[in-house]
J.: 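Pasting a structure below so you can have a look.
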Amino acid sequence: ACYAAAGIVWLTLLFVANRIDGLGDAGGSATAFASTFGNLGMMGLSIAYLSFGEEGLIIAALIIAVHAASHWFLGTLWAELANRERGVDLVKVTRSVLISLVKNPVVLALAAGALWNWSGLTMPGPGQRIIDLGGDAAIPTGLFALGLAVAAYPLRGNMPGVAAIMILKMAVFPVIAWALASLVFHL
């Protein structure tokens with residue numbers, strides 16, 4: 001339901017971005033990305049773990065891998081296609097985006113973790129303690145850094161674009177996802 005709702009938002013913006021003041025084709029990509037990209041890393045992993053244990057954590061990690069990779073790939077591709085009058089080569093752009101996804105630290109970490117888990121090896125006690133300390137500090141540190149980054153960008157300038165993102169992210173996208181989940185997929 002979430003990905004179908006994101007697809008609906010992305011397709012809608014593909015056709016109406018030029019009609020929203022300050023967006024245009026490439027701005028439609030950024031708006032679609034910002035409107036449907038969830039905060040899975042900061043909050044989702046801990047909520048999944050607390051609610052569903054190890055099984056929930058594994059599923060959430062897989063969702064993050066697909067979610068981040070698909071959004072980055074499609075968003076970058078859309079923005080580059082929107083600027084095709086600059087002579088952008090679609091094959092080169094696609095290859096470049098795929099290579100950057102393979103090098104993405106989140107994708108690499110998930111792959112390394114999956115391989116480690118598959119190997120059956122265990123971490124020695126001191127090493128596991130260090131990893132646990134880093135893991136315990138990751139979410140609060142990430143939220144603090146996110147707050148600092150957001151504080152550096154005032155909400156002046158492109159208010160129609162900011163308003164479009166806020167309305168889509170806080171109202172339209174969740175309502176579409178809820179409607180699909182409850183009325184279509186009966187979840």
Side-chain angles (χ1 to χ4, degrees), residues 1-11 13 29-78 94-150 165 168-187:
C2 179
Y3 288 111
I8 291 169
V9 170
W10 279 63
L11 286 173
L13 279 167
S29 167
T31 302
F33 188 97
S35 299
T36 59
F37 196 82
N39 190 4
L40 297 172
M42 299 290 187
M43 299 295 289
L45 290 175
S46 56
I47 291 171
Y49 181 70
L50 291 173
S51 300
F52 305 107
E54 291 289 329
E55 297 82 20
L57 187 60
I58 292 168
I59 292 170
L62 290 172
I63 290 171
I64 288 172
V66 171
H67 186 73
S70 64
H71 273 66
W72 280 111
F73 177 75
L74 293 172
T76 303
L77 197 59
W78 178 352
T94 303
R95 185 181 314 121
S96 172
V97 172
L98 287 173
I99 289 170
S100 70
L101 284 175
V102 170
K103 294 179 177 180
N104 184 299
V106 173
V107 175
L108 290 173
L110 289 170
L115 287 172
W116 183 268
N117 189 36
W118 177 75
S119 74
L121 297 172
T122 58
M123 184 65 67
Q128 185 62 49
R129 179 71 180 132
I130 291 170
I131 290 172
D132 289 343
L133 287 171
D136 291 344
I139 291 173
T141 303
L143 288 171
F144 181 74
L146 182 63
L148 287 175
V150 169
I165 291 170
L168 287 167
K169 187 169 192 92
M170 303 306 287
V172 175
F173 178 55
V175 167
I176 293 171
W178 171 83
L180 288 171
S182 61
L183 304 174
V184 176
F185 299 117
H186 306 289
L187 298 175

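Just so you know, these numbers come straight off a predicted model, no measurement behind them.
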J.: Counting N and O atoms only, with roles assigned by atom type, does the side chain of T31 sit under 3.5 Å from a partner on the main chain of I165, one being a donor and the other an acceptor?
T.: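 Pair absent, no side-chain N/O of T31 close to backbone of I165.
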J.: Take F144 and L148, measure what side chain to side chain contact (heavy atoms under 4.5 Å, CB included) needs, and give me the verdict at the end.
T.: CA-CA 6 Å; F144 181 74; L148 287 175; 3.4 Å; yes
J.: How long is the straight-line distance from CD of E54 back to CG of N117, given to the nearest 0.5 Å?
T.: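 CD of E54 is found 9.0 Å from CG of N117.
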J.: Under 3.5 Å, sequence neighbours excluded: what are the donor-acceptor pairs made by side chains of residues 171-187?
T.:
| residue | atom | partner | partner atom | Å |
| --- | --- | --- | --- | --- |
| S182 | OG | W178 | O | 2.8 |

J.: Would you call the rings of H67 and Y3 parallel, tilted or perpendicular if under 30° counts as parallel and over 60° as perpendicular?
T.: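 Geometry flag for Y3 against H67: tilted rings.
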J.: According to side-chain hydrogen bond (donor to acceptor under 3.5 Å, both in side chains), who are the partners of W10, at least two apart in sequence or on a separate chain?
T.: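 So W10 forms a side-chain hydrogen bond (donor to acceptor under 3.5 Å, both in side chains) with T36.
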J.: About how many Å separate CG of D136 and OG1 of T141, when rounded to the nearest 0.5 Å?
T.: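 Result: 10.5 Å between the selected atoms.
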J.: Looking only at heavy atoms, which two atoms of F37 and K169 are closest? And how far apart?
T.: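 Closest approach of F37 to K169: O-NZ, 2.5 Å.
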J.: Working to the nearest 0.5 angstrom, can you tell me the gap between S35 OG and M170 CE?
T.: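 So the gap between those two atoms works out to 11.0 Å.
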J.: May I ask you to check whether W72 and F33 place their ring centres under 6.0 Å from each other?
T.: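 Yes, ring centres under 6.0 Å apart.
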J.: Using distance only, find each side-chain donor-acceptor pair of residues 121-135 under 3.5 Å and give its atom names and separation, not counting sequence neighbours.
T.:
| residue | atom | partner | partner atom | Å |
| --- | --- | --- | --- | --- |
| Q128 | NE2 | D132 | OD1 | 2.9 |

J.: Within the supplied structure, the quantity of interest is the number of heavy atoms (other residues, nucleotides, ligands) at a distance under 6.0 Å from F73 CZ; does it exceed 12?
T.: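 Atom CZ in F73 is packed in, count exceeds 12.
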J.: Output, in order, the C-alpha distance, side-chain angles, deciding distance and verdict of side chain to side chain contact (heavy atoms under 4.5 Å, CB included) for I59 and I63.
T.: CA-CA 6 Å; I59 292 170; I63 290 171; 3.9 Å; yes
